[in-house]
*Asks:* 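First the structure, which I've put down as structure tokens, then a few questions once you've had a look.
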Amino acid sequence: MKTLPVCIFTHNRTACALATVEGLLTNLKCTGRQIKYIVCDDRSEPGHVNAIVARFRESGIDPVIKLNNDGRTGLGASMNKGLEEAFSCSYECLRLEDDWFLKRPLDLGKWADKMDELSIGSVRLGMMFRKPNELLPFKEGLLRV
């Protein structure tokens with residue numbers, strides 16, 4: 001079975017990160033693939049990463065942890081570490097920040113197949129709009145890829 005790495009970039013927003021993880025564990029599927037979770041952190045406060053890892057482990061998942069502890073900081077450094085890990089097991093990955101809340105079931109199997117077909121290596125998951133008045137004429141919950 002193919003692996004689809006999912007990189008989560010986080011920094012000091014424990015409540016947001018836990019809500020993101022909860023949504024992923026509850027609602028994210030990728031038919032035909034095994035999901036590999038990679039948590040990338042930029043030197044958060046003590047306990048932040050441990051709380052995230054504990055939530056994954058409650059569901060029987062042992063995520064890969066990549067910490068920026070080599071002097072480089074910021075989202076770019078976290079992204080580099082996460083993508084390096086992701087591309088060590090696959091030529092594609094999904095990436096998202098710790099404020100992406102998945103509230104409905106989402107099966108990425110067809111999207112992952114399309115990534116294969118088009119040779120797309122990395123896709124960022126996020127919401128299309130942030131304010132309700134920006135939604136018209138679109139429906140709430142559109143994904144940005």
Side-chain angles (χ1 to χ4, degrees), residues 1-131 134-135 138 140-145:
M1 180 178 291
K2 288 184 177 182
T3 298
L4 180 67
V6 175
C7 295
I8 305 165
F9 303 105
T10 180
H11 180 71
N12 278 342
R13 299 188 296 183
T14 305
C16 281
L18 289 173
T20 296
V21 170
E22 187 64 36
L24 293 172
L25 293 173
T26 304
N27 292 311
L28 186 67
K29 291 189 319 183
C30 191
T31 300
R33 311 217 179 198
Q34 175 183 344
I35 297 175
K36 176 182 181 177
Y37 289 102
I38 304 167
V39 177
C40 308
D41 187 75
D42 185 24
R43 298 183 182 182
S44 289
E45 296 172 3
H48 174 77
V49 173
N50 290 341
I52 296 167
V53 171
R55 180 59 196 99
F56 273 111
R57 289 184 177 156
E58 286 173 10
S59 293
I61 297 169
D62 198 18
V64 174
I65 308 301
K66 291 294 179 180
L67 304 176
N68 288 350
N69 54 13
D70 58 4
R72 298 183 65 199
T73 62
L75 181 59
S78 289
M79 212 174 275
N80 288 339
K81 286 193 177 280
L83 293 176
E84 180 181 350
E85 177 65 30
F87 293 137
S88 73
C89 68
S90 177
Y91 61 87
E92 61 195 16
C93 78
L94 302 177
R95 53 193 168 89
L96 58 117
E97 284 82 34
D98 61 5
D99 62 353
W100 189 65
F101 308 127
L102 184 58
K103 297 181 180 181
R104 298 189 292 253
L106 177 63
D107 187 341
L108 294 173
K110 290 180 183 178
W111 289 23
D113 291 343
K114 185 59 81 174
M115 288 173 69
D116 281 347
E117 180 184 324
L118 298 174
S119 299
I120 296 173
S122 178
V123 171
R124 179 181 179 265
L125 294 176
M127 295 309 295
M128 181 70 82
F129 304 100
R130 295 203 177 259
K131 298 176 187 171
E134 294 175 335
L135 294 172
F138 304 101
E140 188 174 63
L142 287 174
L143 290 176
R144 175 179 59 213
V145 294

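Just the heavy atoms: all of them, side chains too, but no hydrogens, waters or symmetry mates, feed the values below.
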*Asks:* State whether the number of non-hydrogen atoms from other residues, nucleotides or ligands found under 6.0 Å of E22 atom CD is greater than 12.
*Replies:*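 Atom CD in E22 is crowded, with more than 12 foreign heavy atoms closer than 6.0 Å.
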
*Asks:* How many angstroms lie between CZ in F9 and CE in M79, if you round to the nearest 0.5 Å?
*Replies:* 5.0 Å

*Asks:* Answer yes or no: is there a side-chain heavy-atom contact under 4.5 Å between L67 and R43?
*Replies:*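 Counting from C-beta outward, L67 and R43 never come under 4.5 Å.
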
*Asks:* What are the two closest non-hydrogen atoms of F101 and C16, and how far apart are they?
*Replies:*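 In terms of heavy atoms, the two residues are closest at CE2-O, 3.4 Å.
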
*Asks:* Do NZ/NE/NH1/NH2 and the carboxylate oxygens of E92 and R33 come within less than 4.0 Å?
*Replies:* yes

*Asks:* So does E45 get a backbone contact from the side chain of N12, meaning a donor-acceptor N/O pair under 3.5 Å?
*Replies:* yes

*Asks:* Between V39 and V53, does the side-chain contact (heavy atoms from CB on, under 4.5 Å) criterion hold? Intermediate values first, please.
*Replies:* CA-CA 8 Å; V39 177; V53 171; 5.5 Å; no

*Asks:* Give, for atom CD1 of I61 and atom CG of L25, the distance between the pair rounded to the nearest 0.5 Å.
*Replies:*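 The CD1 atom of I61 sits 5.0 Å away from the CG atom of L25.
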
*Asks:* Minimum heavy-atom separation for R104 to N27, with atom names?
*Replies:* O-CB, 3.2 Å

*Asks:* Can a side-chain donor-acceptor contact be found between D42 and S78 if the only test is distance below 3.5 angstrom?
*Replies:* no

*Asks:* So, are E58 and R55 salt-bridged, with charged N and O less than 4.0 Å apart?
*Replies:* yes

*Asks:* Looking only at atom types and distance, does a side-chain atom of T20 sit under 3.5 Å from a main-chain N or O of W100, one as donor and one as acceptor?
*Replies:* yes

*Asks:* Between V64, L83, L94, I38, which is the residue that forms a side chain to side chain contact (heavy atoms under 4.5 Å, CB included) with P5?
*Replies:* I38

